[in-house]
Structures are given as C-alpha cells and as structure tokens.
Enquirer: 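Please find one structure pasted underneath; my questions will follow.
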There are 2 protein chains.
Amino acid sequence: MNGNKVTLEHVARLAGVSIITVSKVLNNKGRISEATRARVLQAASQLGYVANSAARSLRGRPTQILGMVIPELVSPYFAEVARAAADCASQMGYDLAVFTTSRDPERERERVGTLLGGLADGLVFVVPIGAAGFLATLERSRSPVVLVNHFGTPTHLPVVRADSFEGSLAAIRHLLALGHRRIGFVSGAAHSSQAAERLRAYRECMMAAGLWDEQLVRPGDFTQQRGVEAGHELLSLEHPPTAIFAASDLTAFGVIAAARSRGLQVPEDLSVVGFDDIPAAAHSHPSLTTVAHPIPAMAQAAVELITRAMAGENVRDVHIEFPSQLVVRESCAPPPSNNRRKHR
Amino acid sequence: MNGNKVTLEHVARLAGVSIITVSKVLNNKGRISEATRARVLQAASQLGYVANSAARSLRGRPTQILGMVIPELVSPYFAEVARAAADCASQMGYDLAVFTTSRDPERERERVGTLLGGLADGLVFVVPIGAAGFLATLERSRSPVVLVNHFGTPTHLPVVRADSFEGSLAAIRHLLALGHRRIGFVSGAAHSSQAAERLRAYRECMMAAGLWDEQLVRPGDFTQQRGVEAGHELLSLEHPPTAIFAASDLTAFGVIAAARSRGLQVPEDLSVVGFDDIPAAAHSHPSLTTVAHPIPAMAQAAVELITRAMAGENVRDVHIEFPSQLVVRESCAPPPSNNRRKHR
DNA sequence: GCTTTATGAGTTAACGTTACCTCAACACTA
DNA sequence: TAGTGTTGAGGTAACGTTAACTCATAAAGC
C-alpha cells in the first residue's frame, strides 16, 4: 500500500536521537536544545514524515474533528446539509469529516464506527432509513451523536429534524385553492422516511377532499430522470392532472421537462410544486414553487447539540423539529379549464 | 469525551472469554463454537461495542476509504467536485471521506496527515493554493496522492486539473465578437491559482485588443455578495462596461442582480458571462453563458489515478489536463450602443 | 490403548504514538 | 562541599486491535 511509511523511529535514527525526543520536537513539548531540534526537524522534513493520526488518536488526543455520515452528496439536499454543517463546524473550531455510505447499512455501521473509534470527537448522523438495532447500539455506546432527520424508531439520542408533513399539506392546499382537482404526485425513494411523510400528507389531504385516485400517484426516487418518466406517465392518463406535486425539486424539474416536450406550458397548462428549495429552484424559469427545509438552521442546531454533548452536557431525549415552509414562486397557476370557463 | 468507551476487553469480560476470542468472533476468523459465538455477540450488542478503527488501522488493515481534502463545500464548484468524486469512489468500492480545511494551511497539513496516517488508503487533494514545501514533503512520503487543480510549484505527484485560461479566452473573444469594447472583469479570490489564470486570460486578451483599462478590473472572492458590490462599482464608472466577465457563476448572478437593481436588462443592456457552470446557471433566467470545467471527467480521472497508485502502479509525473469550455446561453447579446447605431 | 487430527480457546508481540517518569550533567546557592 | 535546581535527553508503559503462534481437550484412526 504505502510504499515506505516513515515513522518516528526512522526520523530518530537519522537524527541520531531517541524516538521520544523526536516526538517532543514535533509536538513542541518538553525542553529540547536548539541544535537537537534543528537536526530533528531537518531529518523529519528530509524523510517526509507525517504523523500517524491513528496511533495518535489511540493515545487519546482529541482530534477537533466532527464526523458526519450522510447517505450521499449527489443530491443537492444532502450537499446543502453537508455544506451548512461544515460551515457551522468551522465557525466553532472544528473540521467536518463527511462520509458517504451509498445507503448501505453495513457501510453505515462501519463508517460510524470509524468516526467514533478515535477519529472524530463527535458524530452527526444524517439518517437515511430507520436502522433500529443499530441506533440502539449507538445509544448504549454513549458516544456524542446527533441524529438528523430521523423519523423511525423512537430513540433517546438527540434528534434534529425537519417536518415534511405540514409543508406538503400546505403545498397541496395551495394547489386546491388555485382550483386544481386532479393533482398528481411523484413520490420519493421508497426507503426514505421523508418521502413517506410527503406521500402521507398528499394522501390524507386528497382523501379528505374526496379527490383521491391511485392512478395519480407515481413512484419516484428523488431524481430528475425519474421525474421526466413519471411526468410522461401522469400526462398520458385519460384524465391527466392539471397540477403535479413532486417529492423533490429535481423531480419537479423533470416533470417540467416532460410537460414541455409535450407542448405544455408551465404554469399555464400545468402547475408544478417541488420539495427542497435547492438553489436552482429560485433561478429556474419559471422559478419553482416548492417546500423548503430550513437547512442552515438545522445544521446550526445539530452542530450546537453535538458540541454540547461533547462538553459532557446531557442531551438525552433532546428533540428539535423545524417546520417546513411553502415557498410560492411562479410555477403554479389556476388550472386551464378554469381559465377557459372564465373566458367563455 | 466519550463517556465509557467499550473495548474488546469489556465485551470479553462480560462474555467470560478472552479478548482474542471476541476479536475472532467479530471478524469471523478462526474456529469458534456456536455457544461461545452467541455469547460474545450478545455481550457485544448489549454493551454497544463499536470497533476502534484507529487501533484497527494501526494494525495495517486497509480501510477501503479514499480521503479527500478540499478547501470547502460552501461553493458549488467544490461541492460538485466532492459529489462527483464520491460517486466515482463508490462505484469502485471505496468510500470517500471528505475533509474541509477552510483554506488554513496548518489544518490542511493536519488533515492530510490524518488521512494518510492510517485512516485512508489514498488521498485526493484538491489544492487551493500552492503549498510548496508541503507538497515536497508529501511527494517524498510516497503515499498514494493525487492533486486536483494544482497550478503552483512543479511536482512529480500525479495531477488532474482543468484549464481556466483557454475557456476564459473563449469567453472574452465571444464578447468581443458580439461587438463589446468595454468589458469589465470581477476576479476570484486573491489566493486562488484558478482565479489568477482567469485574470491572466482577461488581461492578455484585452491588452492584445488594445482595450485594457485597469478601472474595469475589480477584485472579487467568487461570492454572489461580492458580485453585487463589484457590479455596482463597474456600472457606476463614467464609461461603464457593456459586458462583464465574472470569475464565478455566483459572482455573475450578483452582477446581474446589481444590474437589475439599476434598471438594466440582461442581456439587452448588459452582457454577463460567468465561470463554473453550476447547476443554477442552466436554470436561471436568463440562463447564464459561462465557462465549464468537466468536473465529472476530472473526478473520474482522479479516482482512477489514485486507485492505480494504490495498486502499486507508478504514477509519478502523470499530469492530466482537461479543457475548459465556453457554454453559450442567453445572458450575452451585442452591446446596446451597437444596436442604437444600427437603428439610426 | 496409543497416536494422529480436528477443534476451540488462549498467549505473545507488535502497529506508532505519547504521558509520565527517571536520570545524567551542569550551574547555581548557602 | 553539599544541597538544590535547571536543562536536555532517554526509558517504560499503555492506548485497542489483530496475526501468528501455542496449547489443551476430545474425537477418530490404527
């Protein structure tokens, strides 16, 4: 692997001193004569010595590193969370080590272990899916951990999360208020608890309004590609929807692309609502009506919680929930049938 | 810090076996009776045991982790690089540990040490600024390292980078071809070698055309906020520019915002070119003409190089340069004075 | 009944680093 | 001169884990 690992011993031998002396020089500890110091530094530099942090952390030095385990960085939502957390951590004098797990539970467990086993002083765990047994283990280990967006099994671990239900409800009600009656839904990835919340809000609202139609719900996976496909599926229905609520902004962009390729105008012929409020949502044309999580505030809360936990404060059962909020922009309008009636 | 660290010893004591036996059970090595195995697993689970990866890596096990050291995740450019690399790494069976350094050279050195010192099998180092002595050290250490976007001191370490000069040249020539004569420039952060390349292209091109005017160059820092300020500065000049080339897309958005707040239309009254081609550039209104780095290809190349290096292949002096490319969209048009002349 | 073999468990040592201690040499004070 | 303090260096042990051994015990083969 690593051609020739340079250790303290190599440096010590070259400088003609003991290992301990080298360690002291490099850590600025103890009293060392200028001559020795110079010789050691010269030797270390010559050999390209880099301290082995695994060994160092094994000796119990705090690392000033916060760990973050997150499913992926590919989706803008997670990228934003990582960004915001890195920002907060940096402001508090910590560095953030971000690990992606590709949603593989085994890997997740490993990465969490890597981080808590000496590498990081604390851990922010962005939970993709309720890993019940794992969380219980984590809980018992009493390591400084904060869960972000955990919706599954109840836990005593501190949790920071954003509501998806209320915001989704607001989105559907917004469409209903505009006069829409056939409202399609493209869901998020099957394993996501956030996706489940969004679907639940859609279902409850539509059922309460007596507008529920199973045909109007299409499975999705948060991606733009799937948005295109699902958009075509919905718009090919005998009674196509006049509005579509997508479980992510990317999916919403896909739906819009599908609509355009069929000659439909957004929002004149089709209203579209997304979820996430990624930066592109504000810059797109038309700008996208969407539901926003307050990501910076969430990251701030998570980092603050973890530092409090590391300081020894008891944060058991601290649960902080942030509201989601409908951001009305340009991608929604009254349904075309209403307009026609008006014009006649 | 960590309330009660659970080690193999604790598990062993509870299960009534030796430390080694526990290690064997948890690693599926050696021959263990079913009864013992069950007891050990039960004890480990009960105590919430998580292996200390520092100790483990100290014993020389490969970690299947690639390290990435990157200045920050806040700017979309770096976020995209991290995303793309995580994607590639994941496809090759590795996880990516992303470290941000806030551009602090001391931290940078530390993080690189952390990663190479046992945590990661290899390192992708996204270089913010030429840290000459550090790179020499790294080079001598013979660790598997790939530099991304290194432009400073020559090195034998493998380098993957994207050109900024040619793309910037193309951007300025595009504006010249449209008829612009007064072209403003908002530079990137002072310490960035990429920013320097962009400025160099602007200067050489404008000087060659006999259009150089120092007033037209404003210092920037890649941010949107600074784009707003610099935009106002440039548009307040006695002879304001009819086009502005910004060293980043965010800055370009800032310039556009400044122009709008002064009642100017883009691109009718002011043409704007950005740099980076962040996702929002395609979705903005008007969509942004910009210069793109082929980030996915770069990430792919970097990850491939690092895996080759880890496999023992000699990658000394391998330098791969990707071209930057002008992406023409809607934010540029002929200057208004030209139109007037035509109309008269 | 004795050797061979399989099985399950434990021992030892080492990875690279650092906290804590010891120790030699020398320069002061009383 | 003896005692005290300062300076510079080295020694020992420990962090948690695991590879390579060793060693009992019991089953199988002759």
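Order of the sequence lines sets the chain letters (A, B, ...), proteins ahead of strands, with each chain counted from 1. Everything numeric in this text was worked out from a predicted model, so none of it was measured. All values below come from the heavy atoms of this structure, side chains included, with hydrogens, waters and symmetry mates left out.
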Enquirer: Do the side chain of His319(B) and the main chain of Asp317(B) share a donor and acceptor less than 3.5 angstrom apart?
Expert: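 Answer holds: yes.
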Enquirer: Could you tell me whether the phosphate oxygens of dA9(C), OP1 or OP2, come under 4.0 Å of any side-chain nitrogen or oxygen in Arg31(B)?
Expert: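 False: Arg31(B) side-chain N/O out of range (4.0 Å or more) of dA9(C) OP1/OP2.
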Enquirer: Which is true for Arg59(A) with a 4.0 Å heavy-atom rule: it touches a base, it touches only sugar-phosphate, or it touches nothing?
Expert: base
Enquirer: Got a donor-acceptor contact below 3.5 angstrom from the Ser45(B) side chain to the Leu41(B) backbone?
Expert: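 Looks like no, no N/O pair under 3.5 Å.
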Enquirer: Taking Asp221(B) for the side chain and Ala190(B) for the main chain, is one N or O donor matched with an acceptor at less than 3.5 Å?
Expert: no
Enquirer: Of the non-hydrogen atoms in Met298(A) and Val148(A), which two are nearest, and what is the gap between them?
Expert: CE-CG1, 4.3 Å
Enquirer: Donor-acceptor check, side chain of Asp121(B) to backbone of Gln64(B), threshold 3.5 angstrom: yes or no?
Expert: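 Present.
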Enquirer: Across the strands shown, which category fits Leu8(A) at heavy-atom distances under 4.0 angstrom: base, sugar-phosphate, nothing?
Expert: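 Counting heavy atoms under 4.0 Å across all strands, the contact made by Leu8(A) includes a base.
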Enquirer: Could you pull out all residues at least two apart from Glu9(A) that satisfy salt bridge (charged side-chain N to carboxylate O under 4.0 Å, His left out)?
Expert: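 Salt bridge (charged side-chain N to carboxylate O under 4.0 Å, His left out) list for Glu9(A), sorted by chain: Arg13(A).
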Enquirer: Just by distance, do the side chain of Ser192(B) and the backbone of Gln194(B) share a donor-acceptor pair under 3.5 Å?
Expert: yes
Enquirer: Is there a side-chain contact between Tyr49(B) and Leu14(B), using heavy atoms and a 4.5 Å cut-off?
Expert: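 Tyr49(B) does not reach Leu14(B) side chain to side chain.
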Enquirer: Using heavy atoms and a sub-4.0 Å distance, could you list which residues of residues 10-27 of chain B are near DNA chain C? By number, please.
Expert: Val17(B), Ser18(B), Ile20(B), Thr21(B), Lys24(B)
Enquirer: Could you give the CG-to-P distance, from Leu58(B) to dA14(C), as a whole number of Å?
Expert: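 Checked: the CG to P distance equals 14 Å.
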Enquirer: Any donor and acceptor pair, going by atom type alone, linking the side chain of Arg161(A) with main-chain N or O of Glu321(A) inside 3.5 Å?
Expert: no
Enquirer: In residues 33-41 of chain B, which residues come under 4.0 Å of DNA chain C by heavy atom?
Expert: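 By residue number: Ser33(B), Thr36(B).
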Enquirer: Determine, stepwise, if the pair Leu147(A) / Leu135(A) fulfils side chain to side chain contact (heavy atoms under 4.5 Å, CB included).
Expert: CA-CA 10 Å; Leu147(A) 304 180; Leu135(A) 288 183; 4.0 Å; yes
Enquirer: At under 4.0 Å, does any side-chain N or O of Lys29(A) touch on OP1 or OP2 of dA19(C)?
Expert: yes
Enquirer: For the side chain of Arg39(B) and the backbone of Ala15(B), is there at least one donor-acceptor N/O pair under 3.5 Å apart?
Expert: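 Judged by distance alone, yes, a pair lies under 3.5 Å.
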Enquirer: Kindly indicate whether the side chain of Lys24(B), heavy atoms from C-beta on, has any atom under 4.5 Å from the side chain of Thr36(B).
Expert: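 Counting from C-beta outward, Lys24(B) and Thr36(B) never come under 4.5 Å.
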Enquirer: Rounded to the nearest 0.5 Å, what separates atom CZ in Arg56(B) from atom CG in Leu58(A)?
Expert: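 The CG atom of Leu58(A) is 13.0 Å from CZ of Arg56(B), to the nearest 0.5 Å.
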Enquirer: Are Val159(B) and Phe151(B) close enough that some pair of their side-chain heavy atoms sits under 4.5 Å apart?
Expert: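 Counting from C-beta outward, Val159(B) and Phe151(B) never come under 4.5 Å.
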Enquirer: At a heavy-atom distance below 4.0 Å, which nucleotide of DNA chain D is the first touched by chain A, and which is the last?
Expert: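 Under 4.0 Å from chain A, the extent on DNA chain D is dT7(D) to dG16(D).
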Enquirer: For the helix from dG1(C)-dC30(D) to dA30(C)-dT1(D), measure the angle between the helix axis at one end and the axis at the other, each built from five pairs, rounding to 10°.
Expert: 50°
Enquirer: Can you confirm whether Val127(B) sits close enough to Asn149(B) that some side-chain heavy atom of one is under 4.5 Å from a side-chain heavy atom of the other?
Expert: no
Enquirer: Check the interface with nucleotides 24-29 of chain C: list each N/O to N/O pair with the protein under 3.5 Å, or write none.
Expert:
none

Enquirer: Base, sugar-phosphate, or nothing: which does Ala51(A) touch, judged by heavy atoms less than 4.0 Å apart?
Expert: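 Contact class for Ala51(A): sugar-phosphate only.
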Enquirer: Output the distance between atom OG (Ser57(A)) and atom CD1 (Ile65(A)), rounded to the nearest 0.5 Å.
Expert: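 These two atoms lie 9.0 Å from each other.
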Enquirer: Just the rounded figure in Å: distance from C1' of dA14(C) to CD of Glu9(A).
Expert: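 Nearest whole value for this atom pair: 12 Å.
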